[in-house]
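What follows is one structure encoded as structure tokens, with my remarks underneath.
Hydrogens, waters and symmetry mates are skipped; everything else that's a heavy atom, side chains included, is used. Numbering of residues begins at 1 and proceeds along the displayed sequence.
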Amino acid sequence: MPPIHYRIIPIDPHAHLYEVSCTVAQPDPAGQIFSLPVWIPGSYMVREFAKNVVTARAEAGGKAVPLNKLDKSRWQAAATQQALTLVWQVYAWDLSVRTAHLDASHGFFNGTSVFPCVEGQADQPCVVDILRPDGEVYGNWRIATTLSRAPGTPLWGFGPYQAANYDELVDHPVEMGTFAAMEFEACGVPHAIAITGRQDADLARLARDLKRICEWQINFFGQPAPMDRYLFLVMATGDGYGGLEHRASTALLCSRHDLPTARTPRDKLPDSYLGFLGLCSHEYFHTWNVKRIKPAAFAPYDLSQENYTRLLWAFEGFTSYYDDLCLVRCGLITPAQYLEVLAKTLSNVQKTPGRQVQSLAESSFEAWTKYYRQDENTPNAVVSYYTKGALTALCLDLQLRASSQGERSLDTLMAALWVRYGQTGIGLPEEGLYALTAEIGGPRLGRWLKEAVEGTADLPLERLLKPLGVSLNWETSSPLPSLGALTANEGNEVKLSHVFTHGPAQLAGLSAGDVLLAWNRLRITATSLDKLLARHQPGDQVDIHAFRRDELIETVLKLDDAPRDKASLAVATRASPKASRLQRDWLGGTPQTS
Ligand code: ZN
């Protein structure tokens with residue numbers, strides 16, 4: 001069968017419209033069905049991309065063919081013997097890594113937002129012609145994507161690209177515009193970074209630092225790297241943050257202030273740049289852990305509905321563990337700086353009462369409706385499979401090291417995952433990690449992991465870090481007594497954004513959304529609340545006036561002790577030689593180059 005032929009044109013940048021056509025040489029004789037995904041892999045939420053298809057029509061042999069919409073994301077063309085073309089226009093005005101965007105400054109799209117899937121022919125090879133928008137002002141636009149170029153055509157250019165099937169077609173996002181680009185090699189594999197948006201980044205510095213991360217990770221899983229080339233697609237804005245992994249690229253959204261400049265110090269990276277490198281490291285690690293080592297539920301993806309797995313804690317949590325660990329192991333940050341970052345993760349989990357309500361397995365399974373659809377009750381009901389998953393990875397790593405006198409570690413487990421599931425393309429069964437842990441670390445550790453993942457007990461971090469000469473201490477993050485709620489300022493007004501279960505605000509009958517008016521009959525404002533709190537002790541009772549919608553509430557709130565939810569990690573000044581060795585193996589071990 002001939003390939004499916006796609007064409008995409010930014011037809012009207014000011015109206016944020018792409019026109020996409022899809023020609024099927026041999027359409028289904030019963031009437032060809034086309035569909036658009038409802039979600040994009042890596043972002044576990046049904047987003048209904050078809051809502052942005054503005055117009056759709058079909059034609060064959062120069063004549064219109066009736067097109068019938070079957071449901072929210074499927075269309076069926078009337079039966080025809082001739083080559084059938086579907087043409088639609090897609091509205092693209094969402095500046096995120098998950099969807100599509102177009103204006104006169106640049107275009108970005110994920111295939112899942114724009115390319116129809118030809119039902120029954122998803123395995124067919126695809127050719128996609130990416131066309132330049134009409135108009136002289138677009139004359140210097142280029143393309144950044146890891147879609148394969150047709151033979152004999154240059155990288156970075158408009159024109160024909162190709163993919164082996166629909167799954168590959170939609171796993172290579174495309175950027176077009178006048179981005180800044182820098183190429184580098186990691187372990188012999190061509191890499192590039194393309195940055196869109198106004199920025200003054202030191203690209204050479206960024207490329208040098210990324211090269212270290214990429215080479216460390218390629219060697220971690222073992223050469224050769226599983227991709228022929230790799231691309232960091234970065235959109236720099238005022239205050240953006242986000243990333244989405246793909247098989248040979250990542251789409252990132254960051255603040256332009258996170259990017260390094262000529263003045264960015266080398267000895268201690270500022271938190272902003274460290275955060276950006278951590279994000280790059282995270283998405284790059286996914287090249288192996290989730291794009292190739294996958295839950296069985298994702299092999300293959302079903303893009304028409306939710307794909308349920310209880311394993312996201314392993315794919316996002318382990319990736320979150322290694323993203324920062326990679327930075328210290330490849331020498332971009334110091335062990336002391338790494339421990340600061342780790343302490344922040346510990347604090348984040350500790351500040352979430354939902355950790356005592358939802359397990360990691362449940363958080364993974366319910367990601368579609370809970371972690372990805374956060375609301376005012378999320379901290380009470382949900383635990384993050386990123387942060388608690390990363391701490392679980394740390395506990396597993398430390399226990400594997402301790403029980404094998406440093407012979408084995410989580411690295412051993414990742415290597416086994418890569419060989420058995422990544423290189424073979426076999427999906428990881430839901431119980432597969434418990435079995436593999438038992439195999440590498442013994443049945444007791446396998447059982448420990450299952451209990452940690454399926455239960456809600458706090459992790460034994462203090463006990464596990466001690467043998468490495470690292471002590472974990474908890475202190476209060478605020479010197480003020482606690483309201484048991486988070487507040488958000490709207491202008492001068494103070495609103496309760498989140499009210500913690502059984503905390504002082506909830507016991508006083510206050511709820512998220514209530515606007516705080518008066519404290520012992522003094523007005524509460526954005527600037528006065530902390531001053532009012534500072535005049536009190538835990539246990540004091542305060543008269544509170546608040547509005548719920550337009551109704552006045554009067555209540556008495558009894559202040560509580562500030563929770564000890566801020567972690568700090570300290571290294572013993574005189575650690576034993578054994579502790580020092582364990583610490584060095586953990587934070588300073590470099591993988592063997594094969
Ligand atoms: Zn991730």
Side-chain angles (χ1 to χ4, degrees), residues 2-23 52-54 85-95 97 99-116 125-166 168-183 190-198 203 227-236 246-252:
I4 312 288
H5 202 114
Y6 293 90
R7 199 175 69 159
I8 180 163
I9 317 167
I11 194 109
D12 189 343
H14 295 304
H16 320 298
L17 289 174
Y18 289 103
E19 185 174 272
V20 180
S21 70
C22 168
T23 300
N52 290 317
V53 174
V54 180
T85 299
L86 174 75
V87 183
W88 67 26
Q89 291 195 347
V90 181
Y91 177 70
W93 189 233
D94 175 28
L95 192 60
V97 297
T99 50
H101 188 258
L102 176 66
D103 64 12
S105 72
H106 88 122
F108 170 81
F109 65 81
N110 284 288
T112 39
S113 282
V114 295
F115 295 132
C126 307
V127 173
V128 53
D129 236 335
I130 306 177
L131 302 188
R132 190 189 301 275
D134 245 356
E136 250 173 59
V137 290
Y138 305 110
N140 55 353
W141 276 28
R142 294 189 294 165
I143 295 278
T145 181
T146 44
L147 273 170
S148 303
R149 285 248 60 175
T153 46
L155 293 175
W156 309 102
F158 283 86
Y161 287 79
Q162 56 196 23
N165 48 44
Y166 185 78
E168 184 181 320
L169 175 71
V170 298
D171 199 21
H172 296 279
V174 175
E175 170 70 32
M176 57 179 81
T178 55
F179 47 83
M182 173 71 91
E183 295 176 85
H191 283 59
I193 174 160
I195 310 184
T196 296
R198 291 178 200 170
L203 277 178
M227 62 292 189
D228 299 334
R229 53 189 286 255
Y230 191 89
L231 179 62
F232 292 89
L233 282 173
V234 184
M235 175 75 217
H246 299 281
R247 68 186 66 187
S249 61
T250 176
L252 305 167

Derivation and outcome, side-chain contact (heavy atoms from CB on, under 4.5 Å), residues Q162 and E168: CA-CA 9 Å; Q162 56 196 23; E168 184 181 320; over 6 Å; no

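- The shortest non-hydrogen separation linking A180 to L203 is CB-CD1, 3.9 Å.
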Tell me which donor-acceptor pairs under 3.5 Å the side chains of residues 127-136 have, and how far apart each pair is, sequence neighbours excluded?
{"from": "R132", "atom 1": "NH1", "to": "Y138", "atom 2": "O", "distance (Å)": "3.1"}
{"from": "R132", "atom 1": "NH1", "to": "G139", "atom 2": "O", "distance (Å)": "3.0"}
{"from": "R132", "atom 1": "NH1", "to": "W141", "atom 2": "O", "distance (Å)": "3.0"}

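- Using modelled atom types, no side-chain atom of W88 and backbone atom of Y18 make a donor-acceptor pair closer than 3.5 Å.
- Here the OH atom belonging to Y161 is positioned 13.0 Å from the CG atom belonging to L169, to the nearest 0.5 angstrom.
- Counting all heavy atoms, side chain and backbone alike, A248 lies closest to M227 at CB-CB, 4.2 Å.
- Note that the OG1 atom of T196 and the CE atom of M235 stand 6.0 Å from one another [nearest 0.5 Å].
- The main-chain N or O of L102 is found under 3.5 Å from a side-chain atom of H16 such that the two form a donor-acceptor pair.
- The CH2 atom of W156 sits 5.5 Å away from atom CZ of F179, with the distance rounded to the nearest 0.5 Å.
- Taking the side-chain hydrogen bond (donor to acceptor under 3.5 Å, both in side chains) definition, one finds that R7 meets it with nothing, sequence neighbours left out.
- Legend: residues meeting ring pair (Phe, Tyr, Trp, His ring centres under 6.0 Å) with F158, ordered by chain and number and at least two apart, are absent.
- Atoms CG and OG1, from L155 and T146 in turn, are 10.5 Å apart once rounded to the nearest 0.5 Å.
- Across every non-hydrogen atom of R149 and G159, the tightest pair is NH2-C, 3.3 Å.
- In this structure, the side chain of D94 does not engage the main chain of T99 through any donor-acceptor pair within 3.5 Å.
- Residue G111 comes nearest to V170 through the heavy atom pair C-CG1, 3.5 Å, listed as atom of the first residue, atom of the second, then distance.
- Side-chain contact between P116 and V20 is present, with at least one heavy-atom pair separated by less than 4.5 Å.
- Between I4 and Y166, every side-chain heavy-atom pair lies at or beyond the 4.5 Å cut-off.
- Contact of the S249 side chain with the T145 side chain is not registered, since no non-hydrogen atoms from C-beta on lie closer than 4.5 Å.
- Ring orientation note: the planes of W93 and H101 are close to parallel, at an angle under 30° on the 30°/60° scale.
- Scanning all heavy atoms of the two residues, the minimum distance from T85 to S21 falls at CG2-CB, 4.1 Å.
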side-chain contact (heavy atoms from CB on, under 4.5 Å) evaluation trace for H246 with N110: CA-CA 10 Å; H246 299 281; N110 284 288; 3.7 Å; yes

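- The neighbour count for D228 CG, taken as heavy atoms of other residues, nucleotides or ligands under 6.0 Å away, does not exceed 12.
- Residues H106 and L95 are in side-chain contact: their nearest non-hydrogen atoms beyond the backbone lie under 4.5 Å apart.
- Annotation: F109 is in aromatic contact with F115 [ring centroid separation under 6.0 Å].
- Residue F232 holds its CZ atom at 11.0 Å from CD1 of I195, rounded to the nearest 0.5 Å.
- Counting only heavy atoms from C-beta outward, the side chains of C126 and H5 never approach each other to under 4.5 Å.
- Rounding to the nearest 0.5 angstrom, the gap separating the OG atom in S148 from the NE2 atom in H172 is 6.0 Å.
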